Each structure stands twice: as C-alpha cells, then as structure tokens.
Protein chains: 2
Amino acid sequence: MNTRKAGRQGRGKSDLKSKLAAQIANHIQERPLSAGTHMSAQILADQMGTSRSPIHAAFLILAEMGVLRHETNRGFFVTEAAHEARLSEQLPSRDHLSDAYFAVADQLLDGDLPSTMSEVAFRDRFGLTQVEARSLLSQIQKEGWIERRPGYGWEFNEMLRTPDALAQTYRMRQALEPAALLEPGFSISAETLDRLAATERDFLNGEIETASAEKLYQRGVTFHETLMQASGNRYMLDALRRVNQIRRLIVYRSMVDRKRYYKQSQEHLEIIQLVRRGAMNEAAVFMRHHLSNVMLNHEEIAPLLHGAGNG
Amino acid sequence: MNTRKAGRQGRGKSDLKSKLAAQIANHIQERPLSAGTHMSAQILADQMGTSRSPIHAAFLILAEMGVLRHETNRGFFVTEAAHEARLSEQLPSRDHLSDAYFAVADQLLDGDLPSTMSEVAFRDRFGLTQVEARSLLSQIQKEGWIERRPGYGWEFNEMLRTPDALAQTYRMRQALEPAALLEPGFSISAETLDRLAATERDFLNGEIETASAEKLYQRGVTFHETLMQASGNRYMLDALRRVNQIRRLIVYRSMVDRKRYYKQSQEHLEIIQLVRRGAMNEAAVFMRHHLSNVMLNHEEIAPLLHGAGNG
DNA sequence: AATTGCATTTTTAAAATTAAAAAAGCTAAT
DNA sequence: ATTAGCTTTTTTAATTTTAAAAATGCAATT
C-alpha cells in the first residue's frame with residue numbers, strides 16, 4: 001500500500017547519474033566537442049573516477065534530451081543540437097533536500113525559528129522523512145551552525161544568529177588569507193593564474209551585469225579558494241571553505257548592487273599580478289586591504305562600525 | 001533468534017547517563033560537596049539542560065559505585081566515600097566506537113591504510129556494524145580528513161597524510177590566534193583569567209610530571225580555546241576547535257618529553273598577564289611568538305625547517 | 001510546597017529488511 | 001584490440017520495525 005509517498009518519484013539516493021549528465025553536457029559545451037564526436041564510456045568513467053554504469057545512465061538522460069544520439073553497438077555521439085540547447089535549465093538544479101536546507105537558513109536568519117527544536121518538529125515544519133531530517137541536520141551540524149543537545153533535540157548556535165556574523169567571517173579571512181600567501185609551500189601554476197585572470201576580465205567586460213547572482217558569488221569564492229589551495233595548507237583551505245559555505249547563506253539574501261563588483265575584479269587582477277611576480281609580501285598586504293574593502297562595501301556591515309577599524 | 005550479537009551488551013545509544021554520572025561525580029569532588037549533602041534531581045537536570053530521567057539513571061550508577069546513598073522517598077545523598085574513590089577510573093572512558101576512531105587515525109598515520117576504502121572494508125577491518133561504520137565515517141568526514149568518492153567508497157585526503165601536517169596546524173594557529181586577541185568584541189572576565197592562571201600554576205608546581213598525557217594536552221587546548229572564545233568570533237573558534245581535534249590525533253603519538261611544558265606554562269602565564277592589563281597588541285605579538293616556540297619544540301617539526309622562518 | 005517515585009508518552013537510535021545504484025565481468029560486435 | 005551491451009555481483013541507501021532512552025505527568029511522601 002504505497003498511498004503515502006506516491007509523490008516522491010523513486011528513491012532519492014545521491015543521484016550520481018544526473019550530476020554526471022550535467023557535467024558531461026557542460027564538458028561538451030566548454031570544449032566544445034563537435035557534432036558527431038564519439039563519447040567513450042570507459043574514458044569518461046576513468047576521468048570521473050567512477051564506473052561505466054552511471055556514465056551509461058547519464059548518456060541515456062542526455063540522449064533523451066537530444067544532446068547525444070545513440071547508435072546500436074557503436075555507442076553515443078554528440079548531436080548538432082548539443083550546443084544550442086540551454087542545458088542547464090533542463091537538468092535538475094535543486095532537489096527536495098537542498099530546498100529544505102535553504103529554507104532552514106532563511107527562516108533562521110529571519111528569526112522565525114526557535115533556538116531549539118526536536119527532530120520531529122523539523123520533519124513537520126519542513127516536510128521531511130525521518131531519514132531526510134537526519135541527513136539535513138547532519139549536514140548543518142557538519143557546517144557548524146547547529147548542535148545536538150544532551151538528551152533529545154537540537155540547538156542553533158550563534159553562528160548564524162549573531163548580527164555581525166558576516167563581519168566576523170571577513171575578519172577571520174583577513175587573518176587567514178594573507179597568511180596563506182606567505183605559506184612556505186605556496187605554489188601556483190601560470191596556467192591557473194591565467195585562468196583566474198581570464199575569468200575576472202570576462203566579468204569586467206560585461207558579465208557583471210548579466211551573470212546570475214549564483215555565478216557572481218561563485219567567482220569570488222573560486223578566486224579566493226584557488227589561492228588558498230595553492231598555499232598547500234590543507235587546514236587553512238578547510239577553514240576558508242567552511243566559512244564560505246556559511247557566508248553564502250547570509251550573502252544570498254542581499255545581493256543587489258552590482259557596481260561594487262567592478263572594484264573587486266580589478267583588485268583580484270592586481271593580486272594575480274603580484275602573485276605572478278612572486279611579490280608575496282605585497283600580495284599579502286594587498287589581500288588584507290582588499291578584504292577590508294569588500295567588507296566595508298556590504299551595506300549590512302558599514303553601519304555596525306564606529307570608526308575604529310583594525311587594519 | 002538473537003544468537004548473533006549476544007556479545008554487544010544492550011544497545012549503544014549516546015549513553016547520556018554515564019556521561020552525567022561522570023559529570024556529577026566530578027562536580028561533587030570539585031566543589032567539594034560534603035558527605036550527607038542532598039542531591040536534587042530537578043536542580044541537576046536544569047543545570048545540565050536535560051530531564052530527571054537520565055539524572056536518576058546516573059544516580060543509580062553512582063549509588064552502585066558508593067558515591068551516593070539512596071534513602072527511600074528522600075532521594076540521594078553524598079557519601080563519605082565520594083572523595084576517596086578514584087572515580088574517573090571506574091567510569092567508562094572510551095567506548096567501542098572511539099577505540100575504532102583512534103585505530104583508524106593510528107593506522108592512517110602509520111601508512112597502513114589504503115587511501116580509498118569501501119564501507120564494508122571499514123566494517124571488516126575495524127569490526128563495526130553498518131550503523132557504527134556510517135557513524136564513524138560521518139564523524140571523520142565532519143572533521144575533514146576523509147571524503148566521499150563519487151559512486152561508492154571513501155578517500156582519505158592529505159590532511160593527515162602530509163608529513164608536515166603538524167607544522168601546518170601551527171602556522172594556521174599563528175594566523176588566527178593573534179588576530180582573535182584583536183577582535184573588537186574580545187572580552188574575558190577576571191574570574192576566567194584567574195582560573196586559567198591557577199591551572200598553569202598547578203602544572204608548574206608538579207603536575208607536569210604527574211598528570212596524564214591526556215590532561216597535559218587538554219590543558220593547552222583549554223587555554224587557547226578559552227581565549228579564542230573570548231574573542232566572540234564564532235568562526236575563528238570553530239576553526240581552532242577543528243584543528244585542535246585533528247592535532248590531537250597526531251600529537252598523542254609522540255608525547256614524551258615533559259620538560260618543554262615548563263616553558264609553555266610560563267608563556268601562558270605571561271599572555272594571561274598581558275590580557276589582564278588590556279595590552280592586547282602586545283598579547284597578540286607574544287601569542288605569535290609563543291606558538292612559534294611551541295612548534296619548534298616538536299622534534300618532528302624542527303628537522304623539516306631549513307632556516308627560513310616566516311616570523 | 002517541593003520532591004521523590006513511578007507510570008506513561010514521546011523521541012530517537014538500532015536492527016533487519018528491501019531495493020536501488022554502482023561496479024565488475026563477460027560476450028559479441030566493430 | 002577495443003568498445004558496447006548486457007548480466008551478475010557488490011555496495012550503499014531507504015524503509016520498516018523494534019526497542020531503548022529521555023521527557024513528561026501525576027499521585028504519594030516528606
């Protein structure tokens with residue numbers, strides 16, 4: 001008797017095949033691969049670090065969408081339509097669980113959630129099964145903004161509740177990111193620097209006005225995390241990633257003025273120049289300055305400051 | 001037919017009552033509460049943030065151990081024996097799961113583990129049930145030193161595999177901890193500073209030679225995390241806690257020379273003095289210096305350096 | 001009036017079961 | 001010789017069931 005959950009199609013699982021389908025579609029458009037190109041399941045599987053099964057399933061999805069064409073006993077081939085279609089729109093973007101995830105963050109930031117809740121309260125409020133609730137709570141716990149109470153129930157900590165949460169994240173980054181540039185193991189390839197610079201130039205040449213909010217945010221994160229990764233210090237990278245993950249929840253709610261991104265991109269380019277020259281001390285100083293600028297350009301933060309900066 | 005798992009006593013669960021029993025016993029000895037003192041279940045429950053049920057269960061454990069005496073319809077009372085007994089030894093210290101947790105870290109640091117493993121491989125190697133393996137892997141993932149692979153299986157990242165992991169943690173702390181002292185919201189009570197200072201003096205007056213390795217490590221962590229907490233910056237605190245959690249796995253393996261702790265304690269006292277005077281800039285500079293000293297006193301780290309420090 | 005002791009209800013965790021997804025293997029076609 | 005297509009096996013996730021632990025409620029006792 002499956003009357004209860006008939007709406008939820010199939011089982012959820014991690015849904016690797018959809019992710020792979022998106023990646024492959026992206027791969028075809030980025031290269032780009034010309035129509036008629038043969039797609040080898042084995043090669044893709046090796047590249048992605050999986051087996052042929054999920055790749056094959058992804059091929060079927062893409063064939064359904066018209067991106068690939070299937071020929072019996074010969075495999076899958078790129079179609080002419082592959083480059084026209086707005087693929088990203090057809091592929092599932094956000095699932096049930098991540099909707100709930102953002103809903104939790106939103107309600108918490110709006111002050112609509114009690115500071116402690118039981119698991120059943122969660123399930124009821126966000127329409128989740130027991131397993132889904134546990135998985136969501138566990139993710140949030142991993143990110144650090146909820147904690148288990150002794151006995152039953154969960155409690156949101158100050159991380160997202162404090163009014164100057166965003167300023168705190170910037171001050172933490174001001175401590176970490178310049179230090180990362182001075183790490184003894186710091187090393188970055190010219191190609192990586194070129195790639196970063198190219199992205200910034202694309203933004204300056206118009207994308208700032210046209211790109212999605214998601215993409216604008218992601219570009220900043222990528223720039224800073226790439227430099228952090230180059231430091232070779234895994235702990236610093238981990239800390240930055242965590243803080244960016246949470247910062248996203250706060251920033252999304254108020255991303256409006258696109259003008260400030262011009263200055264950001266220019267400063268990013270300047271940092272890239274300094275790093276390329278190997279002027280790491282100057283790069284570190286400038287990075288600190290840059291983060292300070294970015295912070296002060298948040299209209300949420302500026303009013304909180306009373307003249308006394310610490311840089 | 002429960003023939004299979006007869007060995008595992010009862011269900012595991014989080015075992016709140018044992019933790020509470022340990023806390024209550026500790027509470028009695030720390031205060032100390034004199035023999036005959038009545039223990040109110042309700043008051044303790046409120047203090048601990050739980051209900052009377054687990055407190056009552058903890059009382060029963062302590063009565064069994066002779067720490068408390070039960071009188072019908074009157075409740076539980078502290079016994080004379082409460083202060084003699086070496087309670088901590090009688091209470092369960094490490095459970096099945098945390099044994100496995102340390103075993104994983106140990107084998108990984110020894111290079112005895114493959115970099116990728118399936119969940120069943122875990123279960124087999126460490127003698128875990130499916131649920132236990134998932135919970136353990138999830139904890140390790142939370143700490144950041146293992147990651148899920150696409151498809152099946154898990155992969156250890158560089159965090160614990162890199163030879164200079166320990167040095168990386170110190171350099172991260174050198175960036176964060178001085179900055180924490182300069183946070184605008186930094187605030188710490190005189191009592192807290194007194195408590196920290198008292199602990200350091202106890203150590204200088206003999207405990208360095210007598211205390212357990214666990215306690216020695218814990219003292220350092222408490223000192224640094226207390227100051228970090230005083231900064232009011234939740235993100236910095238979170239990052240420090242994470243790094244300390246992992247540092248523990250590395251440090252435990254090589255804690256031998258107790259002499260270096262004398263210098264550490266003296267430096268801790270000096271930092272406390274500076275903070276008490278409100279000389280935060282000096283405190284920050286000295287903190288950086290202190291961390292550098294501590295790092296260089298690790299015999300694992302010194303040989304890795306080739307003269308070029310960055311501070 | 002407050003607190004214990006006990007019964008009841010609620011909440012969560014574990015175990016067992018079931019099913020889906022991914023990996024691996026094998027045969028036939030190119 | 002390599003790759004596709006299919007089958008089998010392995011691995012993991014979801015579901016269901018069961019039971020333990022914690023919270024709550026209330027009468028009895030101090």
Side-chain angles (χ1 to χ4, degrees), chain A residues 1-2 4-5 8-20 38-45 48-60 70-77 117-124 128-135 137 148-154, chain B residues 1-2 4-5 8-20 38-45 48-60 70-77 117-124 128-135 137 148-154:
Chain A
M1 206 90 62
N2 55 358
R4 268 203 308 168
K5 283 277 163 51
R8 208 183 304 292
Q9 49 124 14
R11 303 281 187 100
K13 275 229 154 172
S14 57
D15 199 19
L16 181 56
K17 64 171 186 283
S18 301
K19 275 187 214 138
L20 288 173
H38 177 229
M39 303 294 290
S40 159
Q42 187 62 61
I43 289 172
L44 275 170
M48 309 287 193
T50 67
S51 68
R52 290 178 352 193
S53 295
I55 298 284
H56 184 77
F59 281 174
L60 291 177
H70 180 225
E71 294 182 20
T72 312
N73 281 333
R74 299 194 60 234
F76 291 81
F77 299 84
M117 291 181 85
S118 79
E119 229 169 272
V120 259
F122 252 88
R123 297 180 46 176
D124 290 352
L128 304 168
T129 68
Q130 188 189 24
V131 179
E132 286 173 334
R134 287 176 54 97
S135 135
L137 286 165
R148 215 170 248 298
R149 297 184 31 132
Y152 296 146
W154 297 80
Chain B
M1 207 90 59
N2 54 359
R4 269 203 307 169
K5 282 277 162 49
R8 206 183 303 292
Q9 49 122 14
R11 306 281 187 101
K13 276 228 151 173
S14 58
D15 201 19
L16 180 56
K17 63 170 188 283
S18 301
K19 273 187 215 141
L20 288 173
H38 177 228
M39 304 292 290
S40 159
Q42 186 61 61
I43 289 171
L44 275 170
M48 308 286 193
T50 68
S51 69
R52 289 181 316 150
S53 295
I55 298 284
H56 184 76
F59 281 173
L60 290 178
H70 179 225
E71 292 182 21
T72 312
N73 282 332
R74 297 194 60 234
F76 291 82
F77 300 84
M117 291 181 84
S118 77
E119 229 170 272
V120 259
F122 252 88
R123 297 180 45 176
D124 290 352
L128 304 168
T129 68
Q130 188 190 23
V131 178
E132 286 172 334
R134 286 175 57 95
S135 136
L137 286 165
R148 214 172 248 297
R149 297 184 30 134
Y152 297 147
W154 296 80

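When reading the values below, keep in mind they use all heavy atoms of this one structure, side chains included, and skip hydrogens, waters and symmetry mates. Note that the structure is a prediction, hence the values are computed from the model and not measured. So you know, we letter chains A, B, ... as the sequences are listed, proteins then strands, and number each from 1.
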Any base atoms under 4.0 Å from B:A41, or only sugar-phosphate, or nothing? Heavy atoms, all strands. sugar-phosphate

Candidates C:dA22, C:dA13, D:dA4 - which lies nearest the side chain of A:H38: D:dA4

Please enumerate all residues that pass side chain to side chain donor-acceptor pair (under 3.5 Å) together with A:Q42, with sequence neighbours excluded. A:D46

Taking any heavy-atom pair under 4.0 Å as a contact, classify B:R148: base, sugar-phosphate, or nothing. sugar-phosphate

Reckon B:M39 touches a base, only the sugar-phosphate, or nothing at all at heavy-atom distances under 4.0 Å? sugar-phosphate

Please list, chain by chain and in numerical order, all residues satisfying salt bridge (charged side-chain N to carboxylate O under 4.0 Å, His left out) with B:R74, sequence neighbours excluded. B:E71

Check nucleotides 7-9 of chain C for protein N or O atoms closer than 3.5 Å to its own N or O atoms and list the pairs.
none

With a non-hydrogen cut-off below 4.0 angstrom, is B:V120 in contact with a base, only sugar-phosphate, or nothing? sugar-phosphate

Hey, which of these two, B:P54 or B:R123, hits DNA chain D nearer its 5' end, going by closest nucleotide? B:R123

For the helix from C:dA1-D:dT30 to C:dT30-D:dA1, what is the angle between the axes at its two ends, each from 5 pairs, rounded to 10°? 40°

Quick one: is B:R134 getting a side-chain N or O under 4.0 Å of the C:dA15 phosphate, OP1 or OP2? no

Report yes if a side-chain nitrogen or oxygen of A:H56 is closer than 4.0 Å to either non-bridging phosphate oxygen (OP1 or OP2) of C:dA23; otherwise report no. no

Phosphate-side-chain proximity, A:H70 and D:dA4, N/O vs OP1/OP2 below 4.0 Å: no

Per-nt protein contacts along nucleotides 25-30 of chain D (heavy atom under 4.0 Å; B base, S backbone sugar-phosphate only, - none) come out as BB--SS

Could you list the residues that satisfy salt bridge (charged side-chain N to carboxylate O under 4.0 Å, His left out) with B:R123, not counting sequence neighbours? none

